[in-house]
Number of protein chains: 2
Amino acid sequence: MHQVLEQHIRAKLGTDTAGLEEVISYFQPLELKRNDYLLREGELCRSCYFIVNGVIQVFTIDAVGNETTRDFILEEHWLMEINSFLQQVPSKEFFRAAEPSQVLCISREHFMDLSARFPQFEKMYRQILELSYANSVYRINSFVSMDALERLRWMMDHQPKLFTRLSSKMIASYLGISPETYTRLKGKL
Amino acid sequence: MHQVLEQHIRAKLGTDTAGLEEVISYFQPLELKRNDYLLREGELCRSCYFIVNGVIQVFTIDAVGNETTRDFILEEHWLMEINSFLQQVPSKEFFRAAEPSQVLCISREHFMDLSARFPQFEKMYRQILELSYANSVYRINSFVSMDALERLRWMMDHQPKLFTRLSSKMIASYLGISPETYTRLKGKL
DNA sequence: GATGGCTCTTGATAAATGTCAATATTTTAC
DNA sequence: GTAAAATATTGACATTTATCAAGAGCCATC
């Protein structure tokens, strides 16, 4: 597992990777079965996660029990509940494996410590934030400006992998629509 | 104008503000009238903006000419089209003053240079990203999990200032609904 | 202070989407 | 391998939201 992370970091940072071995040593491997949770609503997000393989569903549950998905995080991507992680307030979100997944996790304390001690680690953290924010800008615009069918087409164009790996129910919850509506939209493509 | 920025940065970074004078010297003041543009679709985002006072509307225009608002940026907040700024690809968004506004802008080149030379500046940039990303997480969840009336109530609870400063038309476009629907929802509160 | 152009509201209607129920299909657990 | 559970589809209907049109209110400009 750690080799995947090492490759990932080298690809992000280039040649200047002083301290890389120490950085990597703080990451603990986790093996998740399908439907195992990394984080539940109400808990504090005490770790940052790197997905080695698998998919993590980031979702909330509303008052009547509906699950709605903010994001799916695939392998070689990073994951945290940023509000809970930074301010140590209870998480509003759940993180759950949508497939059997391998994850490397680093505690908030080690993460902060590495950020402070290794400029290159902070730089990588900044890049993670840039990418996460850039993606969320697209996603917000898709909700503000598109109807459900347009969002589905956008998803097919830009995130086709998700369709091969997730149930219809989950895709519907990512699009912000009911499973029935999703079934019907597929007929209109 | 620069004093506001200086106060803002000191508040963010605390005592260690070496280089602050030089940092601030790279920011150019801009005076915007209502409806002046900072950025248009198709242009490259060549600057990062700090709003001293006023409101900037961040919006897109779809194929049939509808304006939809991703965000409103108020005074003492930061603004960039992150995809265009980082990768120098054409912007998909417009930035336009919704009120007469005062803005400080720094070129991409100076911004990158300061990030590389002053760790504290990079730290502040990271904090801007953290805040922007955290806010966008809330906004995505509001679209995935709430209907229009719930989004309106959420906005009243969490961003009441916007109602005092923006037209109904703009608020509707921020909620992702038509002006007529917004009028009707107000009657249901 | 009139004029024209916005914005806001209201009504009528259409389109999109949700809910509920029934059935078919697939997956999971033993 | 089979039973049970979860998922996916389909139909009927309800609710939400958009669109179009008309009129009222507001405000910028001359």
Side-chain angles (χ1 to χ4, degrees), chain A residues 32-37 54-55 57 59-69 72 94 96-101 141-156 162-189, chain B residues 32-36 55 57 59-69 72 96-100 141-156 162-189:
Chain A
L32 302 180
K33 287 180 282 226
R34 200 164 82 85
N35 292 330
D36 279 355
Y37 286 83
V55 196
Q57 181 189 18
F59 68 101
T60 52
I61 299 184
D62 69 14
V64 292
N66 290 319
E67 292 185 5
T68 54
T69 299
F72 291 109
F94 296 83
R96 185 175 59 192
E99 289 176 0
S101 302
N141 276 326
S142 81
F143 279 105
V144 183
S145 70
M146 300 178 193
D147 65 19
L149 183 56
E150 290 170 325
R151 289 201 297 279
L152 172 55
R153 290 204 167 107
W154 198 94
M155 192 179 165
M156 291 171 67
L162 294 181
F163 294 92
T164 68
R165 298 173 62 174
L166 299 166
S167 67
S168 293
K169 190 185 173 191
M170 285 189 175
I171 291 169
S173 99
Y174 182 73
L175 289 168
I177 59 181
S178 69
E180 294 92 336
T181 296
Y182 178 51
T183 293
R184 288 167 180 129
L185 290 181
K186 282 187 277 189
K188 290 191 188 176
L189 285 173
Chain B
L32 302 180
K33 286 181 283 229
R34 200 164 82 87
N35 291 330
D36 279 356
V55 196
Q57 181 189 17
F59 68 101
T60 53
I61 299 185
D62 69 14
V64 293
N66 290 319
E67 291 185 5
T68 53
T69 298
F72 292 109
R96 186 175 58 193
E99 290 177 0
N141 276 328
S142 81
F143 279 105
V144 183
S145 69
M146 299 179 194
D147 65 19
L149 182 56
E150 290 171 324
R151 289 199 298 279
L152 172 55
R153 290 203 167 109
W154 198 92
M155 192 179 165
M156 292 171 68
L162 295 181
F163 294 93
T164 68
R165 298 174 61 173
L166 298 166
S167 68
S168 292
K169 190 186 171 190
M170 286 189 175
I171 291 169
S173 100
Y174 182 74
L175 289 169
I177 59 180
S178 68
E180 294 92 337
T181 297
Y182 178 50
T183 293
R184 288 169 180 128
L185 291 181
K186 282 187 277 191
K188 290 191 188 175
L189 286 173

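Note on naming: letters A, B, ... go to the chains in the order of the sequence lines (proteins, then strands), and numbering restarts at 1 for each one.
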Participant: Roughly how many Å is it from OH in Y182(B) to C1' in dT10(C), rounded to a whole number?
Facilitator: 17 Å
Participant: Please tell me whether Q57(A) and T69(A) have a donor and an acceptor in their side chains that are separated by less than 3.5 angstrom.
Facilitator: yes
Participant: Take atom CG of N35(B) and atom P of dT7(C), then tell me their distance rounded to the nearest Å.
Facilitator: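 Roughly 9 Å, once rounded to whole Å.
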Participant: In Å, rounded to the nearest 0.5 Å, how long is the span from CG of N66(A) to CZ of F59(A)?
Facilitator: 12.0 Å
Participant: Using the C1' atoms of the five pairs at each end, what is the angle between the end axes of the helix from dG1(C)-dC30(D) to dC30(C)-dG1(D), to 10°?
Facilitator: 60°
Participant: Take atom CZ of R165(A) and atom P of dT27(C), then tell me their distance rounded to the nearest Å.
Facilitator: 17 Å
Participant: Could you state the atom-to-atom distance from CZ of R184(A) to P of dA15(C) in whole Å?
Facilitator: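 Checked: the CZ to P distance equals 17 Å.
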Participant: Measure from CG on L166(A) to C1' on dT7(D) and round the result to the nearest Å.
Facilitator: 14 Å
Participant: Do the side-chain N or O atoms of S168(A) get closer than 4.0 angstrom to the phosphate oxygens (OP1, OP2) of dT7(D)?
Facilitator: no
Participant: Between the main-chain N or O of Y174(A) and the side-chain N or O of R151(A), is there a donor-acceptor pair closer than 3.5 Å?
Facilitator: no
Participant: Check if the side chain of R151(B) and the base of dT17(D) share a donor-acceptor pair of N or O atoms closer than 3.5 Å.
Facilitator: no
Participant: Rounded off to whole Å, could you give me the NZ-to-C1' distance for the K188(A) and dT17(C) pair?
Facilitator: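 Interatomic distance, NZ of K188(A) to C1' of dT17(C): 9 Å.
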Participant: Examine dT27(C): is either OP1 or OP2 under 4.0 Å from a nitrogen or oxygen in the side chain of R34(A)? Give yes or no.
Facilitator: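 R34(A) to dT27(C) OP1/OP2: no side-chain N or O under 4.0 Å.
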Participant: Verify the contact: side-chain N or O of T183(B) to OP1 or OP2 of dC8(C), cut-off strictly under 4.0 Å; return yes or no.
Facilitator: no
Participant: Rounded to whole Å, how long is the line connecting atom NZ of K169(B) with atom C1' of dT19(D)?
Facilitator: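 To the nearest whole Å, that distance equals 16 Å.
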Participant: With rounding to the nearest 0.5 angstrom, report the CE to CG distance, M146(A) to L175(A).
Facilitator: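 M146(A) atom CE to L175(A) atom CG measures 11.0 Å (nearest 0.5 Å).
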Participant: If you count heavy atoms of other groups shown closer than 6.0 angstrom to CZ of R165(B), is the number above 12?
Facilitator: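 Yes, the 6.0 Å shell around CZ holds more than 12 heavy atoms from other groups.
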Participant: Identify whether any heavy atom of G176(B) sits under 4.0 Å from a base atom; if not, whether one sits that close to sugar-phosphate; answer base, sugar-phosphate or nothing.
Facilitator: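 Result for G176(B) = sugar-phosphate.
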Participant: From CG of D147(A) over to C1' of dA15(C), roughly how many Å is that when rounded to an integer?
Facilitator: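 Computing the D147(A):CG to dA15(C):C1' distance gives 10 Å.
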Participant: Can you find a donor-acceptor N/O pair under 3.5 angstrom joining the side chain of E180(A) to the base of dC20(C)?
Facilitator: yes
Participant: Is the phosphate of dA8(D) approached by K186(A) (side-chain N or O, under 4.0 Å from OP1 or OP2)?
Facilitator: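 No.
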Participant: Give the table of side-chain donor-acceptor pairs shorter than 3.5 Å for residues 181-189 of chain A, with sequence neighbours excluded, one pair per line with atom names and distance.
Facilitator:
residue, atom, partner, partner atom, Å
T181(A), OG1, S178(A), OG, 3.1
T183(A), OG1, P179(A), O, 3.3
K186(A), NZ, S168(A), OG, 3.3

Participant: Can you tell me how far CD1 of I177(A) sits from CG of D147(A), rounded to the nearest 0.5 angstrom?
Facilitator: 10.0 Å
Participant: Just checking S178(A): base, sugar-phosphate only, or nothing, at a heavy-atom cut-off of under 4.0 Å?
Facilitator: base
Participant: dA18(D) phosphate, OP1 or OP2: any side-chain N/O from T181(B) under 4.0 angstrom?
Facilitator: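 Checking dA18(D) against T181(B), a side-chain N or O does come within under 4.0 Å of OP1 or OP2.
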